[in-house]
Amino acid sequence: MNIVVVKDYNEMSAKAFELIKAVVTENPKAVLGCATGSTPLGLYDAMIRDHRENGTSYKDVMTVNLDEYMGLDKENEQSYAYFMRKNLFDHIDIKLENTHIENGMASDAQAECDRYNALLAEHSPDVQILGLGSNGHIAFNEPGTSFDSVTHAVDLTESTIKDNSRLFSSEDEVPRRAFTMGLKNIMAAKKIVVLANGGNKAKAVHGLVCGAITEDVPASILRMHSDCTLICDEAAASLLPKERI
Ligand code: F6R
């Protein structure tokens with residue numbers, strides 16, 4: 001795993017942008033694996049700015065998102081489908097029909113997982129962007145998830161519900177279940193870029209870089225990927241031994 005430690009959030013976003021832009025420039029039909037949450041917002045801002053200023057085009061790019069809350073319609077402002085439109089898709093020239101995410105309102109959960117797995121089998125990301133949960137989750141693959149998992153429905157852990165409640169008016173409103181790509185789907189991406197910032201991610205970053213490769217720390221599977229880059233700020237890297245930085 002390549003580890004890049006930068007000063008702060010802005011530098012992390014700028015570095016991530018360089019990597020994503022290189023993929024899209026090299027292959028205008030690239031498949032981007034997208035994440036939601038606070039971490040990639042600076043990257044998405046940089047993509048929007050670059051699209052406006054330099055004309056980088058996403059008209060033939062396809063996206064697949066990691067996860068979606070169950071029970072939220074794509075027009076619901078808390079849904080990840082809405083998040084992606086508001087924070088990226090509405091501001092670049094991507095075709096909405098080329099953007100993919102699990103359907104939170106699917107009545108048959110297993111059929112929805114099967115549909116998404118079939119889509120991913122055909123369109124594996126050229127680059128997958130990941131944030132890191134404070135408990136070491138990636139997408140909504142919580143500690144204990146099988147390394148062999150593919151898209152599935154999950155019960156979110158208390159710590160994830162608490163972390164995500166900042167985006168809802170109360171903890172009670174956070175959906176308890178979600179669809180998520182599995183760890184096996186994520187590992188199928190050609191390239192992976194993991195982003196982490198802030199002291200609340202330091203323990204998870206330590207687990208990712210230095211701990212055992214174990215299903216108890218889902219992100220630790222990324223050490224087995226042949227092209228994975230972790231970009232983190234100094235606060236998130238604060239528990240890493242000096243020789244790893
Ligand atoms: C989001 C996702 C989650 C987040 C993680 C970090 O699509 O899959 O795994 O990446 O929970 O969230 P933030 O970035 O809000 O700290």
Side-chain angles (χ1 to χ4, degrees), residues 1-27 30 32-58 61 63 65-66 80 83-84 86-92 94 125-139 163-164 166-167 186 189-211 217-220 222-223 225-245:
M1 191 168 56
N2 311 312
I3 303 171
V4 182
V5 180
V6 294
K7 198 162 98 312
D8 56 20
Y9 182 79
N10 286 343
E11 276 188 26
M12 179 194 79
S13 305
K15 258 272 157 299
F17 168 69
E18 271 173 33
L19 295 184
I20 303 305
K21 177 153 173 168
V23 171
V24 176
T25 306
E26 200 203 334
N27 176 10
L32 298 187
C34 293
T36 59
S38 309
T39 311
L41 286 173
L43 160 64
Y44 295 157
D45 278 348
M47 289 165 72
I48 293 167
R49 220 174 317 121
D50 169 67
H51 167 70
R52 286 190 184 138
E53 290 169 8
N54 305 315
T56 303
S57 178
Y58 295 82
V61 164
T63 63
N65 257 80
L66 290 170
Y80 286 168
F83 174 104
M84 288 308 301
K86 190 174 106 205
N87 293 300
L88 182 62
F89 301 155
D90 285 352
H91 311 286
I92 57 176
I94 197 162
D126 291 290
V127 59
Q128 176 65 57
I129 301 155
L130 292 177
L132 186 62
S134 62
N135 64 358
H137 76 210
I138 46 175
D163 283 353
N164 290 5
R166 68 188 192 283
L167 304 168
I186 291 172
K190 287 196 191 81
K191 179 191 268 305
I192 297 183
V193 178
V194 200
L195 306 178
N197 68 288
N200 66 325
K201 300 292 173 73
K203 198 164 160 252
V205 166
H206 181 270
L208 161 59
V209 174
C210 305
V217 182
S220 65
L222 299 173
R223 296 226 300 279
H225 195 280
S226 59
D227 185 358
C228 177
T229 301
L230 163 68
I231 309 173
C232 61
D233 71 356
E234 286 171 0
S238 59
L239 296 178
L240 292 184
K242 293 276 172 294
E243 67 271 15
R244 295 308 307 268
I245 302 178

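Note: hydrogens, waters and symmetry copies are ignored here, and every other heavy atom, side chains too, is used.
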**Separation of C34 SG from I129 CD1 (nearest 0.5 Å)** = 5.0 Å

Could you pull out all donor-acceptor pairs under 3.5 Å where a side-chain atom in residues 8-17 meets a protein atom, sequence neighbours excluded?
from, atom 1, to, atom 2, distance (Å)
D8, OD1, N10, N, 3.3
D8, OD1, E11, N, 3.0
Y9, OH, S38, O, 3.2
Y9, OH, T39, O, 2.9
Y9, OH, L41, N, 3.4
Y9, OH, G42, N, 2.7
E11, OE1, K7, N, 3.2
S13, OG, Y9, O, 3.0

**Prompt:** Would you say N27's side chain and V23's backbone share a donor-acceptor pair under 3.5 angstrom?
**Reply:** no

Which residues satisfy the side-chain contact (heavy atoms from CB on, under 4.5 Å) test with [X], sequence neighbours excluded?
X: A235; value: D233
X: A189; value: P125, Q128, I192
X: V217; value: T214, S220

Return the set of residues passing side-chain hydrogen bond (donor to acceptor under 3.5 Å, both in side chains) with [X] (not counting sequence neighbours), or none when no residue passes.
X: D227; answer: K191
X: S134; answer: D163
X: S57; answer: D93
X: Y80; answer: Y69

**Item:** Residue list, salt bridge (charged side-chain N to carboxylate O under 4.0 Å, His left out) with D126, at least two apart or on another chain
**Value:** K190

**Request:** Mind checking salt bridge (charged side-chain N to carboxylate O under 4.0 Å, His left out) for K21 and listing every partner two or more places apart, or none if nothing turns up?
**Result:** D50

**Request:** Provide the full list of side chain to side chain donor-acceptor pair (under 3.5 Å) pairs with a residue in residues 200-210, sequence neighbours left out, each pair given once.
**Result:** none

